Asks: 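My questions will all concern the structure given below.
Whatever order the structure lists them in is the order used to number ligands and atoms, beginning at 1. Bear in mind that the values here come from a model prediction, so they are computed numbers and not experimental data. Values below: every heavy atom of this structure, side chains too, minus hydrogens, waters and symmetry copies.
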Amino acid sequence: MATFPERVFSGVQPTGNLHLGNYLGAIKRFVALQATRPCLYCVVDLHAMTLPFEPAQLARTTREVTAAFLACGIDPKANVVFNQSRVAEHAELAWVFDCVARLGWLNRMTQFKEKAGKDREAASIGLYNYPVLMAADILVYRATHVPVGDDQKQHLELARDIAQKFNNDFSASIAAHGHGDAFFPLPEPLIQGPATRVMSLRDGAKKMSKSDPSENSYIALTDDADTIAQKIRKAKTDPEPLPSEVEGLAQRPEADNLVGIFAALADETKANVLKRFGGAQFSAFKSALADLTIEKLAPIRSEMLRLSADPDFVDSVLADGADRARAMARPNMDAVKDILGLVR
Ligand code: TYM
């Protein structure tokens, strides 16, 4: 198959508070990737419309997620930082993909089932179609690498299936228009590190999530030091001391989660963390974890607060990013139209 220049794309929804799971599973890794390849980081405001939302809050959280990107260390000059709704090509390509993706594929999406809940008939069409728009987000830039948390794995598989089917269905036209044997790359999920699935602090079987009714279940990026320390102190554990080997974390989901969080914050492996804390009681480990979490999150929080007082700057980053994103997306969209026989 054709080779494509490497390019990173990922998105974060502006829905409510960003939490430690978003940071460790995604944003911290966005920061690390910027040195490796050209990157686009998108605040996916169109996705945030798939569940009931407040317009005033959507505008505020869009700026807040942008501020979080910057506060965590994403450089908006070296990378493209923007909000999705400003680049109409995302929605335009999503329609094309609606005609490529199969109903049976979407019916398998577990996140739709979770989010739609019991009354599936009352879910928006947008919620159902969500993964198709996500495929368009990535492929409108022909991005090759997508850093995400573990919960997005199935959506990434769908994006690959859509790319593959487009390439197959229109192979003759793709070749005739000079694009060789494939127009879209099959984007590769980057789901790596010790915190690809950060769990609730109250229940090791549940994912850390901003929609959890218990605020003690997650650490928000905007939590202050006292709140962080308190939430970690209250985190659920078991009565045994920490094991010295990773194997000892099996069947101990809460311990596994806290060790994973420590490892991800410290840029270490779980094995290394356990070398240091094996045999320790949770009280001692929790106190070290609280110190480390506060050390890492305090500068992010204060920079987010500073940026929240400077919305003009944040808006200028989004406007500039959107211009650059559009300039990359438009030629790809035009090529898709030519491939499909859509007269332009
Ligand atoms: P969203 O906004 O729910 O989450 C943003 C990122 O955070 C990761 N994440 C987690 N990682 C580890 N542990 C957790 N508990 C946890 N919770 C969330 C998510 O995996 C994600 O990487 N559909 C996406 C947004 C999106 C997107 C895209 C992503 C839209 N278009 C194109 C990549 C490429 C979402 O809802 O993320």
Asks: With a 6.0 Å cut-off (strictly less than), is the heavy-atom count around NZ of Lys113, excluding the residue itself, greater than 12?
Replies: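 Yes, the 6.0 Å shell around NZ holds more than 12 heavy atoms from other groups.
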Asks: Which ligand 1 atoms does Ile138 reach within 4.0 Å, using its non-hydrogen atoms?
Replies: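 It comes down to these atoms of ligand 1: 32 (C), 34 (C).
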Asks: Give the residue and atom name of whichever protein heavy atom lies nearest to atom 35 (C) of ligand 1, and the separation in Å to one decimal.
Replies: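 The closest heavy atom on the protein side is Tyr130 OH, 3.3 Å.
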Asks: For Glu254 and Lys236, indicate whether the former's side chain and the latter's backbone hold a donor-acceptor pair under 3.5 Å.
Replies: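 Judged by distance alone, no pair lies under 3.5 Å.
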Asks: Tell me, which protein residue and heavy-atom name are nearest atom 15 (N) of ligand 1, and how many Å apart are they?
Replies: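 Closest protein heavy atom to atom 15 (N) of ligand 1: Val198 O, 2.8 Å.
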Asks: Which option, Ala195, Ala159, Gly260, Gly149, owns the non-hydrogen atom nearest atom 22 (O) of ligand 1?
Replies: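 Of the listed residues, Gly149 has the closest heavy atom.
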Asks: Could you tell me the residue and atom name of the protein heavy atom closest to atom 11 (N) of ligand 1, and the distance to it rounded to 0.1 Å?
Replies: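 In this structure, atom 11 (N) of ligand 1 has Gly21 O, 3.2 Å as its nearest protein heavy atom.
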Asks: Which residue and atom name correspond to the protein heavy atom nearest atom 37 (O) of ligand 1, and how close is it?
Replies: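 That would be Gln152 NE2, 4.0 Å.
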Asks: Can you tell me which residue and heavy atom of the protein come closest to atom 6 (C) of ligand 1, and the distance to 0.1 Å?
Replies: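 Sorting protein heavy atoms by distance from atom 6 (C) of ligand 1 puts Ala26 CB, 3.5 Å first.
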Asks: Do any nitrogen or oxygen atoms of Asn22 lie less than 3.5 angstrom from nitrogen or oxygen atoms of ligand 1?
Replies: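 Between Asn22 and ligand 1 (N or O atoms, distance only) the closest approach is under 3.5 Å.
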Asks: Answer yes if the ring centres of Phe82 and His90 are under 6.0 angstrom apart, and no otherwise.
Replies: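 Ring centroids of Phe82 and His90 are less than 6.0 Å from each other.
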Asks: Minimum distance, heavy atoms only, to atom 28 (C) of ligand 1: which one of Lys28, Lys115, Met134 is it?
Replies: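 Residue with the shortest heavy-atom distance to the ligand atom: Met134.
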Asks: Hey, is ligand 1 close enough to Gln13 that some N/O pair sits below 3.5 Å?
Replies: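 Yes, there is a polar N/O contact under 3.5 Å.
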Asks: Count the heavy atoms belonging to other residues, nucleotides or ligands that lie under 6.0 Å from CD of Glu6, then report whether that count exceeds 12.
Replies: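 Yes, the 6.0 Å shell around CD holds more than 12 heavy atoms from other groups.
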Asks: Under 3.5 Å between some N or O of ligand 1 and some N or O of Gly11?
Replies: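 No, Gly11 has no N/O under 3.5 Å of an N/O on ligand 1.
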Asks: Quick check: does any side chain N or O of Thr61 sit under 3.5 Å from a backbone N or O of Gly16, one acting as donor and the other as acceptor?
Replies: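 Answer holds: no.
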Asks: For the salt bridge (Lys or Arg N to Asp or Glu O under 4.0 Å) test, which of Asp224, Asp223, Asp226 pairs with Lys231?
Replies: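 Option passing the salt bridge (Lys or Arg N to Asp or Glu O under 4.0 Å) with Lys231: Asp223.
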Asks: Would you indicate whether Gln192, at its atom CD, is surrounded by more than 12 heavy atoms from other residues, nucleotides or ligands within a distance under 6.0 Å?
Replies: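 Yes, enclosed.
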Asks: Side chain of Asn332, backbone of Ala329: donor and acceptor closer than 3.5 Å?
Replies: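 No, Asn332 side chain to Ala329 backbone: no donor-acceptor pair under 3.5 Å.
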Asks: Is any N or O atom of Val44, backbone or side chain, closer than 3.5 Å to an N or O atom of ligand 1?
Replies: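 In fact, backbone or side chain, Val44 has no N or O that close.
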Asks: Mark up the atoms of ligand 1 that fall under 4.0 Å of a heavy atom belonging to His47, in ascending order.
Replies: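 Answer for ligand 1: 30 (C), 31 (N).
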Asks: For atom 17 (N) of ligand 1, what's the nearest protein heavy-atom neighbour? Residue, atom name and distance, please.
Replies: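 Result: His19 CE1, 3.6 Å.
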Asks: Which option, Val148, Asp151, Thr196, Val12, owns the non-hydrogen atom nearest atom 20 (O) of ligand 1?
Replies: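 When every heavy atom of Val148, Asp151, Thr196, Val12 is considered, Asp151 comes closest to atom 20 (O) of ligand 1.
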Asks: Quick test: of every protein heavy atom, which one is nearest to atom 31 (N) of ligand 1, and how far off is it to 0.1 Å?
Replies: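 For atom 31 (N) of ligand 1, the nearest protein heavy atom is Asp137 OD2, 2.7 Å.
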Asks: Fit a plane to each ring of Phe97 and Phe166, take the angle between them on a 0 to 90° scale, and name the class: parallel (under 30°), tilted (30 to 60°) or perpendicular (over 60°).
Replies: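 Geometry flag for Phe166 against Phe97: perpendicular rings.
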Asks: Quick check with a 6.0 Å cut-off and a 45 degree axis cone: is Lys210 positioned over the face of Tyr218's six-membered ring?
Replies: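 No; the conditions do not both hold, so Lys210 does not lie above the ring face of Tyr218.
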